[in-house]
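Here is the structure we will look at, set down as structure tokens.
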Amino acid sequence: MFKFRAFSIAKEGDIVLVAGKGVDNYMAVGDEYLPYSDWEVIKSYFEEKGN
């Protein structure tokens, strides 16, 4: 998935900067507030990779 490209090509010693929502745990879409967490998305990537 494109949002994980930086993680998939990073090598040991590299730094991947996630400039996202910060501490907000939601994403505003129109009049709705949908649950969203940068941390949870990143964590799910590494859990799926087994790291």
Side-chain angles (χ1 to χ4, degrees):
M1 190 176 256
F2 74 92
K3 64 184 170 186
F4 297 129
R5 176 97 171 112
F7 294 123
S8 67
I9 63 173
K11 296 179 178 56
E12 185 174 339
D14 288 350
I15 296 172
V16 175
L17 173 67
V18 177
K21 300 275 303 150
V23 297
D24 294 340
N25 60 358
Y26 65 89
M27 181 181 339
V29 179
D31 293 336
E32 293 185 75
Y33 290 88
L34 306 173
Y36 183 84
S37 165
D38 289 321
W39 169 247
E40 291 300 322
V41 171
I42 294 165
K43 189 170 84 168
S44 72
Y45 169 80
F46 288 102
E47 287 173 347
E48 288 176 21
K49 296 294 287 179
N51 295 339

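- Hydrophobic clustering, defined by side-chain heavy atoms of Ile, Leu, Val, Met, Phe, Trp and Tyr closer than 4.5 Å, leaves Leu17 isolated from every other such residue.
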Anything under 3.5 Å between a donor and an acceptor, one on a side chain of residues 27-40, the other on a protein residue two or more places apart or in another chain? List them.
| from | atom 1 | to | atom 2 | distance (Å) |
| --- | --- | --- | --- | --- |
| Tyr36 | OH | Asp38 | OD1 | 3.4 |
| Ser37 | OG | Trp39 | N | 3.4 |
| Ser37 | OG | Glu40 | N | 3.1 |
| Asp38 | OD2 | Lys21 | N | 2.6 |

Would you give me the side-chain donor-acceptor pairs under 3.5 Å for residues 7-16, sequence neighbours excluded?
| from | atom 1 | to | atom 2 | distance (Å) |
| --- | --- | --- | --- | --- |
| Ser8 | OG | Arg5 | O | 2.8 |
| Asp14 | OD2 | Lys11 | N | 2.7 |

